[in-house]
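See below for the structure under consideration.
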Amino acid sequence: MGEQRTVIHLDINSFFASVEQSANPELKGKPVVVTGSQQRTVILTASYEAREFGIKTGMMLHEARRLCRDVIMVPADNRKYTHTSAQIMKMMLDYTPLVEVFSIDEAFMDVTHSMSMFTSAENIAYLLKARIRHQLDITCSVGIAPNKLLAKLASEMKKPDGLTVIAPENVSRVLETMPIKELCGIGKKTERYLNMMGIYTCGELGRCDEGRLSRKFGIVGSRLKQMGLGIDDSPVIPAEDADEVKSVGHSMTLKRDISSRSEILRYLLQLSEMVGRRARRYGVAGKTVHLTIRYADFSTFGKQGTLSQHVNQSDEIYQGVINILDSIELEQPVRLLGVRITNLCYQREQLPLFEEERRKAFMVNAMDTVNDKFGDFTVTFGSLLGNNEEKGSHVISPAWKPEGIRNVQVR
């Protein structure tokens with residue numbers, strides 16, 4: 001039998017809203033929602049005061065106003081959130097080198113071999129919670145358990161500002177009546193199918209015949225049974241050991257539905273520059289370009305095209321996107337556009353052979369340097385001038401990481 005692990009899961013409470021309340025004490029104790037900077041955005045995070053009125057993440061702004069007339073709407077400041085998140089992740093490294101960032105407001109720590117230095121896992125959790133509250137004036141909920149699956153479950157059990165321990169000997173008791181939807185990895189669709197099989201709790205899932213689950217869910221059936229039993233052997237993987245990124249992309253919800261080709265091309269150029277600049281920052285290039293379109297009725301369409309070579313120059317990505325756009329017929333006005341490159345390779349920086357290519361490379365490097373120092377789109381393409389209200393994706397990616405290619409400085 002292997003060594004008994006101890007894993008901590010930290011979940012920052014109502015992260016975006018908490019950061020805004022910390023930055024502006026006048027917002028404390030009030031119903032605050034963080035939104036994108038566009039009129040048609042949805043709520044990214046609601047403070048616990050706003051949640052008492054029934055306001056939830058993903059809700060439209062008019063719905064929130066209907067539930068609470070006094071709700072305070074704050075535009076998102078993603079630079080502030082990424083900076084705060086990176087500070088917290090750095091604190092976590094003071095207790096163990098095994099820290100895996102799960103999202104901008106969640107992370108796992110494997111403290112199996114560092115507990116003795118700090119007395120216990122609970123003591124590590126109390127120390128970390130106290131530091132975050134004292135230095136950043138925000139709270140977090142912490143779960144401690146024998147693995148990542150249970151640690152995340154534990155952190156959800158007491159919010160806000162909670163600390164829950166699921167000891168190995170208590171796993172079966174905790175899971176017996178726990179609804180299956182509380183387990184990370186079981187979404188609404190899987191829950192619905194399990195309910196149709198008469199399975200509603202983790203205890204029932206753990207007792208279900210594995211063959212029955214496999215006949216319904218294929219190879220996932222075995223994993224589902226293990227989840228019902230609270231078994232999870234997945235390691236806590238630090239950033240330096242994580243798999244290489246598979247794609248680089250940005251999307252943008254527009255302030256209004258558009259149909260004009262010239263307007264669509266303008267936004268696609270901006271998105272291509274955002275993707276290209278991010279790819280160049282981390283020395284990657286993509287051979288496959290993806291275009292995503294969401295129509296006015298929220299139906300979403302995607303198409304990809306493979307290029308003759310790997311690219312990370314914005315104009316080359318843009319040309320690939322144009323080729324895709326020209327191959328389709330738009331069915332209705334467009335609400336959202338997205339550009340992404342995949343099939344990535346890491347490239348060593350080298351001076352182009354031909355003079356024209358060298359001039360282009362120098363120009364792009366100069367643009368990137370200026371924009372890195374003074375902010376996105378300080379220097380940009382002439383056709384994007386005058387489009388100041390639409391710069392940036394406005395929504396931070398759930399895959400954000402404090403280090404590596406996922407560390408995107410969005411506006």
Side-chain angles (χ1 to χ4, degrees), residues 1-15 18-19 22 81-175 183-184 226-227 229-243 399-404 406-407:
M1 188 171 179
E3 179 183 31
Q4 180 65 63
R5 292 192 300 156
T6 301
V7 176
I8 293 176
H9 179 258
L10 181 144
D11 186 348
I12 309 169
N13 301 140
S14 187
F15 181 48
S18 294
V19 172
S22 175
Y81 309 147
T82 56
H83 175 70
T84 302
S85 182
Q87 286 182 288
I88 293 174
M89 305 310 169
K90 187 176 180 180
M91 290 182 198
M92 298 174 76
L93 289 170
D94 289 340
Y95 302 97
T96 174
L98 299 178
V99 174
E100 177 181 340
V101 180
F102 190 65
S103 68
I104 190 170
D105 59 354
E106 296 181 69
F108 293 98
M109 306 166 64
D110 188 329
V111 297
T112 306
H113 300 291
S114 57
M115 283 190 298
S116 59
M117 298 173 58
F118 301 96
T119 308
S120 67
E122 292 95 321
N123 196 41
I124 292 175
Y126 282 122
L127 290 170
L128 190 54
K129 284 167 62 68
R131 288 180 64 184
I132 293 171
R133 181 188 284 274
H134 175 71
Q135 297 182 30
L136 302 173
D137 194 25
I138 59 180
T139 64
C140 60
S141 292
V142 174
I144 303 174
N147 57 53
K148 292 164 65 176
L149 176 73
L150 295 174
K152 181 166 174 58
L153 175 66
S155 70
E156 295 286 338
M157 293 171 70
K158 293 181 183 177
K159 286 190 171 184
D161 200 21
L163 172 57
T164 304
V165 179
I166 300 179
E169 62 271 19
N170 293 329
V171 171
S172 59
R173 179 181 60 80
V174 171
L175 293 180
L183 291 178
C184 179
Q226 287 189 318
M227 292 172 68
L229 295 170
I231 298 173
D232 177 20
D233 296 327
S234 61
V236 173
I237 304 175
E240 59 269 22
D241 296 332
D243 292 337
W400 180 90
K401 296 289 188 288
E403 296 179 356
R406 293 184 178 89
N407 183 11

field: Residue pair V7, M109: steps toward the side-chain contact (heavy atoms from CB on, under 4.5 Å) verdict
entry: CA-CA 6 Å; V7 176; M109 306 166 64; over 6 Å; no
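- Scanning for side-chain contact (heavy atoms from CB on, under 4.5 Å) contacts around M115 gives T6, V111, A121, with sequence neighbours left out.
- By the ring pair (Phe, Tyr, Trp, His ring centres under 6.0 Å) test, F15 pairs with no residue at all, sequence neighbours left out.
- Checked by atom type and distance alone, the side chain of S22 never pairs as donor or acceptor with a backbone atom of S18 at under 3.5 Å.
- Salt-bridge formation is not detected for the pair D110/K148: no Lys NZ or Arg NE/NH1/NH2 atom is positioned less than 4.0 Å from an Asp or Glu carboxylate oxygen.
- No more than 12 heavy atoms of other residues, nucleotides or ligands sit less than 6.0 Å from atom OH of Y126.
- Residues L149 and L183 are in side-chain contact: their nearest non-hydrogen atoms beyond the backbone lie under 4.5 Å apart.
- Using cut-offs of 30° and 60° for the angle between ring planes, the F108 and H9 rings count as tilted.
- Under a 3.5 Å cut-off, the side chain of T112 and the backbone N or O of R5 do not form any donor-acceptor pair.
- Closest of all the heavy-atom pairs between A151 and A145 is N-CB, 3.4 Å.
- D11 and S155 form no side-chain donor-acceptor contact under 3.5 Å, judged by distance and modelled atom types alone.
- Checked for salt-bridge contact, K129 and D161 meet the test: a charged N lies under 4.0 Å from a carboxylate O.
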Donor-acceptor pairs under 3.5 angstrom involving side-chain atoms of residues 165-174: please list them, not counting sequence neighbours.
none

